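Reviewing the structure listed below.
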Amino acid sequence: MSAAETRITVITKPGCHLCLLARQVIERVAAEFGVGWEERSIVDIDSPDPLWWEQLPVTLVDGRQHDYWRVSESRLRAVLKSEPAKAADW
């Protein structure tokens with residue numbers, strides 16, 4: 001997948017057990033829809049949203065916050081069925 005096709009970003013931190021579970025859901029659903037995804041560590045993001053530190057993992061779809069703490073497969077599937085939105089800069 002090229003970077004232009006990446007629709008899902010998951011913000012994680014090292015040692016986060018919920019992040020592992022989120023990654024598994026995202027891998028499965030992204031493969032089902034044929035969309036790209038990326039994982040970014042919150043420690044590597046310049047000026048992350050302060051709330052993210054308490055909400056990890058945070059899932060973004062098309063640059064907008066979609067879920068936090070846990071990833072709902074049904075909600076993720078529903079949003080991926082829609083047209084991609086313009087990604088927000090963060």
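Predicted model only: the values in this text are computed from it and were never measured.
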Is there side-chain contact between Arg7 and Leu80, with at least one heavy-atom pair below 4.5 Å? yes

So NZ of Lys13 and SG of Cys19: to nearest 0.5 Å the spacing works out to 7.5 Å

Interatomic spacing from OG1 in Thr59 to CH2 in Trp69 - rounded to 0.5 Å: 13.0 Å

Spatial distance of atom CZ (Arg28) from atom CD (Glu32) [nearest 0.5 Å]: 9.0 Å

Within the structure provided, determine whether Val61 and Leu76 are in side-chain contact (heavy-atom separation under 4.5 Å). yes

Taking every heavy atom of Val79 against every heavy atom of His66, the minimum-distance pair comes out as CG1-CE1, 3.7 Å

Nearest 0.5 angstrom please: Thr9 OG1 to Glu38 CD, how far? 4.0 Å

What one should report as the nearest heavy-atom pair of Glu27 and Trp37 is CG-CZ2, 3.2 Å

If you group Ile, Leu, Val, Met, Phe, Trp and Tyr by side-chain heavy-atom gaps below 4.5 Å, do Leu20 and Val29 land in one group? no

Quick test of your reading: applying salt bridge (Lys or Arg N to Asp or Glu O under 4.0 Å), list the pairs with at least one residue in residues 14-23, sequence neighbours left out, ordered by first then second residue. Arg23-Glu39

Do Glu54 and Tyr68 have side chains that get closer than 4.5 Å, going by heavy atoms? no

Show your reasoning for whether side chain to side chain contact (heavy atoms under 4.5 Å, CB included) applies to Val10 and Arg40. CA-CA 6 Å; Val10 60; Arg40 297 191 57 195; over 6 Å; no

Does the Asp67 side chain pair with the main chain of Ser72, one donor and one acceptor, at a distance under 3.5 Å? yes

Flag yes if more than 12 heavy atoms outside Arg75 fall under 6.0 Å of its CZ atom; otherwise flag no. yes

Worked verdict on Ile26 versus Val71 for side chain to side chain contact (heavy atoms under 4.5 Å, CB included): CA-CA 8 Å; Ile26 290 168; Val71 178; 4.1 Å; yes

Same apolar cluster (I L V M F W Y, side chains within < 4.5 Å links), Leu18/Leu51: no

Gln65 and Val58: side chain to side chain contact (heavy atoms under 4.5 Å, CB included), yes or no, with the steps? CA-CA 7 Å; Gln65 187 167 337; Val58 174; 3.8 Å; yes

Are Ile11 and Trp53 close enough that some pair of their side-chain heavy atoms sits under 4.5 Å apart? no

Can you tell if the side chain of Leu56 reaches within under 4.5 Å of the side chain of Thr12, non-hydrogen atoms only? no

